[in-house]
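Residue numbers start at 1 and run along the sequence shown.
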Amino acid sequence: MNLKNKYWLFISVFVVMISLVACGSDESDETIVFAAPEWQSIDFHNAVAQIIAEEGYGYKTDLLPGSSPATLQGLRNGEIDVYMETWIENFKAQYEAGIEEGDIVELSTNFDDNDQGLYVPTYMIEGDEERGIEPMAPDLQSVADLEEYWELFEDPEHPDLGRIYGALPGWEADNIMKEMYEAYGLEETYNYFQPGSEAALNTSLITAYDNGDPWVGYNWEPTWIIGLYDMTLLEDEKEFFVSQPVTVSVHESFMDRAPDLVEFLEQYETSSEITSEALGYMEENDADEWEAAEWFLTEYEELWTEWVPEDVAEAVKAAL
C-alpha cells in the first residue's frame with residue numbers, strides 16, 4: 001500500500017472513530033429503565049412515559065420486571081431509573097431510607113386519590129333488588145366485623161373456616177395483609193388464601209359476583225375491576241392501609257443523565273379516576289397498555305401537553 005492510500009485509510013478510520021464517540025455521547029442512545037412490578041396500572045403509566053420519552057425526546061427505554069420489593073431495591077441500586085407508581089406506604093421504611101441516603105429522588109405525585117384493603121360486593125350489605133339478592137351481612141362495615149360473618153365466606157378446602165383472598169406473594173401489600181389478618185385475630189375464623197396471580201384474584205371476585213355469592217379479599221384503586229363492579233371497602237380502624245401519595249421516583253444518577261426527562265416527570269400528574277378509566281378501556285376493548293397509552297394521549301391531550309415543551313408534544317402527536 002502506497003503512502004497516499006495509507007493516509008486516506010488513516011483518515012477514514014479516524015472519522016469513523018470520531019463518529020462512534022459522538023454517537024455514544026448522544027443522549028438519545030441512553031436507555032431509560034422503568035420498573036415493571038406485576039400490576040396493571042403501572043404498566044399503563046410506564047407505556048405513557050415510554051412513548052413520550054421515545055417519540056418526544058429520542059431516548060431508548062426498557063423494562064425491568066420483578067416484585068415490588070425487588071424493583072424498589074433495583075431503583076435504590078441504580079438498576080432501575082424510573083418508578084412511575086411508587087406506593088410508598090407499602091414499603092415505607094425502605095423508601096424513606098432510599099430518600100434519606102440519596103439513592104432515590106421523588107419527582108412528583110402521580111395520584112393520591114387511591115384506596116386499598118379488603119373489599120366485599122356491595123350487594124352483601126345492601127342487597128340488589130334487580131338481581132333478587134337480599135342483604136347477607138347488613139351490619140358488615142369494617143374488618144373487625146368479619147369475625148361475626150365468617151360462615152358466609154366458607155373456604156371450600158377448609159369448610160370450618162372462612163376464606164379471605166389475599167394479595168399476591170411477593171407484593172409488599174401481601175406482608176401488610178398478613179399483619180392485618182393477625183392483628184384483627186382473623187386466623188381463628190379465616191384461612192388467608194393467596195392467589196397465584198392478579199388474574200386469579202380477579203377471577204375469584206368476578207365468579208362470586210356473577211353468581212351473587214359472598215366474597216371478601218384484597219384489592220385496590222385504581223383498577224378496572226373496582227371501576228366495573230360495585231364493591232365496598234371495609235373500614236380499617238387500625239389503619240394498615242391508608243390513602244397515600246403514589247409518586248414518580250427516580251434513581252439519583254438519572255438527574256444528571258436525563259435532565260430533560262426529569263423536567264417532564266416533575267410535571268407528570270394524573271388521578272386514580274383517570275387511571276381506572278384507562279384500565280377500564282383496556283378491559284372493555286381487549287387492549288394492552290400501549291393501546292391504552294395511545295388512547296390516553298389522544299383523549300387527554302390538554303393534560304399531558306402541559307408536561308412537556310411544545311416541540312416534544314408535536315413530535316409525540318406526529319408519532320401517534
Side-chain angles (χ1 to χ4, degrees), residues 38-44 113-143 145-169 171 173-174 177 180-181 186 189-236 241 272-289 291-292 295:
E38 300 168 351
W39 65 82
Q40 200 174 42
S41 56
I42 197 171
D43 293 341
F44 160 69
D113 54 338
N114 56 84
D115 288 305
Q116 59 180 322
L118 283 174
Y119 288 80
V120 298
T122 302
Y123 59 70
M124 291 192 64
I125 301 169
E126 300 178 5
D128 186 333
E129 187 174 348
E130 289 186 8
R131 299 177 65 191
I133 300 174
E134 295 291 328
M136 308 169 195
D139 298 323
L140 178 57
Q141 297 181 353
S142 73
V143 177
D145 296 330
L146 283 171
E147 183 179 5
E148 180 182 348
Y149 292 102
W150 72 268
E151 292 178 303
L152 284 174
F153 304 100
E154 181 180 306
D155 187 329
E157 297 177 7
H158 302 277
D160 56 332
L161 295 171
R163 171 179 285 190
I164 290 174
Y165 287 87
L168 272 61
W171 286 10
D174 181 49
M177 279 290 300
M180 174 193 285
Y181 172 72
L186 296 174
T189 49
Y190 285 87
N191 177 38
Y192 182 78
F193 181 84
Q194 292 178 283
S197 65
E198 184 178 344
L201 175 65
N202 289 339
T203 297
S204 70
L205 189 161
I206 293 167
T207 300
Y209 200 101
D210 288 347
N211 292 331
D213 292 335
W215 186 92
V216 59
Y218 173 77
N219 226 291
W220 68 97
E221 301 174 51
T223 177
W224 67 266
I225 202 160
I226 299 299
L228 296 180
Y229 291 85
D230 188 2
M231 303 292 291
T232 294
L233 175 65
L234 297 179
E235 297 173 9
D236 171 20
F241 291 107
S272 180
E273 182 179 359
I274 289 173
T275 306
S276 291
E277 188 179 359
L279 301 183
Y281 174 86
M282 292 170 65
E283 180 66 20
E284 293 179 329
N285 295 279
D286 194 25
D288 63 19
E289 63 269 23
E291 293 167 307
W295 166 85

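Looking at every heavy atom in both residues, A173 comes nearest to A167 through C-CB, 3.9 Å. The nearest pair of heavy atoms linking E38 to E198 is O-OE1, 3.8 Å. Counting all heavy atoms, side chain and backbone alike, Y149 lies closest to P138 at OH-N, 4.3 Å. Here the closest non-hydrogen pair linking T122 and M231 is OG1-C, 3.3 Å. In terms of heavy atoms, W220 sits closest to P222 at NE1-O, 3.4 Å. The nearest pair of heavy atoms linking S272 to E221 is OG-C, 3.8 Å.
Shown here is D286, whose CG atom has no more than 12 heavy atoms of other residues, nucleotides or ligands within 6.0 Å.
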Starting from the C-alpha separation in whole Å, work towards a yes-or-no answer on side chain to side chain contact (heavy atoms under 4.5 Å, CB included) for V216 and M124. CA-CA 10 Å; V216 59; M124 291 192 64; over 6 Å; no
List the steps and the verdict of side chain to side chain contact (heavy atoms under 4.5 Å, CB included) for D145 and D139. CA-CA 8 Å; D145 296 330; D139 298 323; over 6 Å; no
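Counted by atom type alone, E130 and Y123 present zero donor-acceptor pairs between their side chains at under 3.5 Å. Between the side chains of S41 and T275, not a single donor N or O lies within less than 3.5 Å of an accepting N or O. With no hydrogens or angles considered, no side-chain donor-acceptor pair links N219 and Q116 at under 3.5 Å.
Remark: of the listed residues L168, I164, D174, D174 is the sole one forming a side chain to side chain contact (heavy atoms under 4.5 Å, CB included) with Q194.
Taking the six-membered ring where the residue is Trp, W171 and Y218 present perpendicular rings, their angle passing 60° and hence far from 30°. Ring-plane geometry between Y181 and Y192 is classed as tilted, the angle between the planes lying from 30 to 60 degrees on a 0 to 90 degree scale.
M136 contributes atom CE, which lies 12.5 Å from atom CD of E126 (distance to the nearest 0.5 angstrom). Distance check: S142 OG to L233 CG gives 11.0 Å after rounding to the nearest 0.5 Å.
In this structure, Y190 has its ring center at least 6.0 angstrom away from the ring center of W150. For F153 and W215, the gap between ring centers reaches or exceeds 6.0 Å.
Sequence neighbours left out, the pairs with a member in residues 154-168 that pass salt bridge (Lys or Arg N to Asp or Glu O under 4.0 Å) are D155-R163, E157-R163.
A donor-acceptor pair under 3.5 Å links the side-chain atoms of S204 to the main chain of L201, judged by distance alone. Without hydrogens or angle criteria, T223 side chain to I226 main chain gives no donor-acceptor distance under 3.5 Å.
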